[in-house]
Protein chains: 2
Amino acid sequence: MPPTDLADPGADAPVPPTAPTTGADLPVPEGSGVVEDAAAAVSSDERRRGRSPGGPVTLSQVAREAGVSLATASRAINGSANRTVRADLRERVLAAAERLRYSPDANAQAMARGRTTSLGLILHDIADPYFSSIAAGVGLAAERADLALTLASTQHDPTREPRFVDVLTRQRARAIIVAGGRRDDDETNDAMRTALANFRHSGGSVALIGQPLLDVDTVVIANHSGAAALARALHAHGYRRFGVLGGPTDHLTARDRLTGFREALEELGCPLAEEAVASCAFTRDGGYDGMTRLLRDGPPVDVVFAVNDVMAVGAMAAARDLGVRVPRDVGVAGFDDIVTLRDITPALTTVRVPLVDVGIAATELALAAPATEPRLVHVEGTVVLRESTPPRRP
Amino acid sequence: MPPTDLADPGADAPVPPTAPTTGADLPVPEGSGVVEDAAAAVSSDERRRGRSPGGPVTLSQVAREAGVSLATASRAINGSANRTVRADLRERVLAAAERLRYSPDANAQAMARGRTTSLGLILHDIADPYFSSIAAGVGLAAERADLALTLASTQHDPTREPRFVDVLTRQRARAIIVAGGRRDDDETNDAMRTALANFRHSGGSVALIGQPLLDVDTVVIANHSGAAALARALHAHGYRRFGVLGGPTDHLTARDRLTGFREALEELGCPLAEEAVASCAFTRDGGYDGMTRLLRDGPPVDVVFAVNDVMAVGAMAAARDLGVRVPRDVGVAGFDDIVTLRDITPALTTVRVPLVDVGIAATELALAAPATEPRLVHVEGTVVLRESTPPRRP
DNA sequence: TTGTATGCGTTATCAT
DNA sequence: ATGATAACGCATACAA
């Protein structure tokens, strides 16, 4: 950790709010507001069904109020296929609905129609800018399709993935988008495969973002070729002694980026030494640790490729803490081009991935008419050279 | 915009994926995968109800398979109140369910039970790290409560807020969390108020994160006192000539932070000149623009307070582009302590807000037993002094 | 064009 | 302890 905080009580631990609210044990925290509970008079009749007194207005009530039949009310309000309801009747119904503040019950509609209006999104961590960008894209596409987005964060725990698929299966979500690279772990991949098969068996469609190995439609990010292009660009800038922060060895996205980088370097006749590759977590702290080890124990390098931007930022921090100047002493490059990180100094060389568009594409893929074979959509990255890897004359 | 990109085709515009997929018009983009559509043999009987051949297995089928009644099957599988079902029968049912891959229909359960298992979250932009942190907290609390999280992004369009409330009302969500500060705009606030009232009338509960002016439970972030504490800390560090990037004038969070800062300075006998406050958007670009104007047209300053971290980052970029060095020529401070931004250089002085905990607190507030009067939970910030505002001897 | 009646999948209230 | 059966709120096939 960089000792950059001059006065920072409780560095990384989440700081609890005013009241002792660590999160788990806050039933009804008291602020300045009055907190009389008044678990008072709710006639056992009124609370019959979970919701409040009187409860939501039903379509039957609207129909009665408007003096028409249930069917007519239904037709007037959604005007589906046989949109045939006399104008004056329709208005009566609409007026009644307005007056009674009618709100159609989406669950009941789902039952009657046999399909829901919800879309599931499963990712590792919504607080990670990589995933939140994808989520933004999925959200956009979902809104266009008039679907509500149900979000599930696995907190980096792969065993939660299939569990969330089950949840979304129960909800009968129209489709599920699974973001986040696969791991090289047959067990969890198999669990995921069967969970997804089950979901599809129940009628839902699926799109993956990552590696195409779960037999479903997949948006494939060109990790390999993007990293290769980056390697060539850096080589063209005069860099010759490369280091890599490679992420976890079983992380397929990390692995693809590493091998793309390595193979390009080999083709350039500038092979990557094995000791110049540091495995580490796929996070900021992972980048920090990996860089620390690499600079301390590894061969001398003049540029380090971190397999994602967040790691690259950690790497820069590590370099600073070791008194190694970036880019003067060592260049640093990342991958993703995270928007929030575009203003760091020195500006980070990276491979831009249009994450929002990836989210949109995945959603559209999942929502498209089902195909007989898994479809693949390839998304290219763009090398973006910035100050963190200035041209260097050896 | 900082000209930091050395070779960056298409600077800010979202770069479309390989295929011409701008997002709107991508029905079924073709990658390298086979894309035979095969809208083939689906008997009109099979697709009767939206979902796939055979469709999801129902509880009746499980009951039949197990040779018990529907009621028994139901009891065996969820074991509710009167959890009384003979062991052998239960096992028969469970086995049948397993065999048939039964998945209970959450919509049907919601209807029968009269309550759903979903929680709504409305925010401005999930890609903004401020909101994605809150979303992470809400997601955590939602999972603990066994609720599915439905996410709605307004894309900074206040008119969408009440529309999303209506959507969640139709879904009969158990509760709605509304994140993102209010604006000083009676019209949209009123629309929101009535939409929320409608939702609560339908039986849902609500918690707000922001200003307590919608008559509902609210998590209040101590913007005023946090900014005041920051002002005092900076003053103690020797700063005397202050500037502020104040955000939009009708943005209540921005306004609270500005006034807290201003009032503290007045108490310190060091009043803030009106020309030293630049109004601007609440975004990175807003910070960039505001800083540019301030440095060019404003009075000389030795420290600038941006009312959030993202703006502060934009301000630093603007300073760089103008050849003004931070912190040597001018100090910069922000607000929020966004995690992703903790590694920027120079490290940013800010007011830490425990955003994840805020999300958790709001969720627990919304899920707690309803009270007669709106409850308030106050969350304090913590001043964190870092390199961007070193002690200065005047 | 409108109304009647049935079904969606589940829970819960009754009898047994 | 178990089994019929009536809701739940809506859409829709069919009849009028």
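Every chain is numbered from 1 and lettered A, B, ... according to where its sequence line falls, protein lines coming before strand lines. In this text, all values refer to a predicted model and were calculated from it rather than measured experimentally.
With salt bridges taken as basic N to acidic carboxylate O contacts below 4.0 Å, none links B:Arg86 and B:Glu91. Under a 4.0 Å N-O distance rule, the pair A:Arg92/A:Glu65 does not qualify as a salt bridge.
Rounded to 10°, the angle separating the first-five-pair axis and the last-five-pair axis of the helix from C:dT1-D:dA16 to C:dT16-D:dA1 equals 40°.
When the side-chain nitrogen and oxygen atoms of A:Arg113 are compared with OP1 and OP2 of D:dA11, one or more of them lie within a distance under 4.0 Å. Distances shown here put a side-chain N or O of B:Gln109 below 4.0 Å from the OP1 or OP2 atom of C:dT11. For B:Ser74 and C:dT11, the shortest distance from a side-chain N or O to OP1 or OP2 is below 4.0 Å.
Closest to the side chain of B:Met111, from the set D:dG9, C:dT10, D:dT2, is D:dG9. Side-chain atoms of A:Thr84 lie closest to C:dT1 of the nucleotides C:dT1, C:dG9, C:dT11.
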Can you give me the N/O atom pairs linking the protein to nucleotides 3-5 of chain D at distances under 3.5 Å, or say none if there are none?
| residue | atom | partner | partner atom | Å |
| --- | --- | --- | --- | --- |
| D:dG3 | OP2 | B:Ser69 | N | 3.1 |
| D:dG3 | OP2 | B:Ser69 | OG | 3.2 |
| D:dG3 | OP2 | B:Thr72 | OG1 | 2.4 |
| D:dG3 | N7 | B:Arg75 | NH2 | 2.6 |
| D:dG3 | O6 | B:Arg75 | NH1 | 3.4 |

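The distance from atom CG of B:Leu59 to atom P of C:dG7 is 18 Å, rounded to the nearest whole Å. If you measure from atom CZ of B:Arg172 to atom P of D:dC8, you get 14 Å, rounded to the nearest angstrom. Taking atom CG of residue B:Asn107 and atom P of nucleotide D:dC10, one finds them 14 Å apart after rounding to whole Å. The interatomic distance linking B:Arg115 (CZ) with C:dT10 (P) rounds to 16 Å, in whole Å. Rounded to a whole Å, the CZ atom of A:Arg90 is 13 Å from the C1' atom of C:dT2. Rounded to an integer number of Å, the gap from CG of B:Asp88 to P of D:dA1 is 12 Å. Remark: P of C:dG9 and CG of B:Asn78 are 17 Å apart, rounded to the nearest angstrom.
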I'd like to know whether A:Asp190 forms a salt bridge (charged side-chain N to carboxylate O under 4.0 Å, His left out) with A:Arg193, so could you lay out the CA-CA distance, the side-chain angles of the two residues, the decisive distance to 0.1 Å, and finally the verdict. CA-CA 5 Å; A:Asp190 283 349; A:Arg193 217 188 315 266; 3.0 Å; yes

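Partners of B:Arg170 according to the side-chain hydrogen bond (donor to acceptor under 3.5 Å, both in side chains) rule, which considers only residues two or more places apart in sequence or in another chain, do not exist here.
Results of the side chain to side chain donor-acceptor pair (under 3.5 Å) test with B:Thr154 over B:Arg163, B:Arg160, B:His124 single out B:His124 as the only residue that passes.
For the 3.5 Å distance criterion, the side chains of B:Thr188 and B:Arg182 fail to qualify, holding no donor opposite an acceptor.
Heavy-atom minimum distance, A:Leu119 versus A:Ala142: CD2-CB, 3.7 Å.
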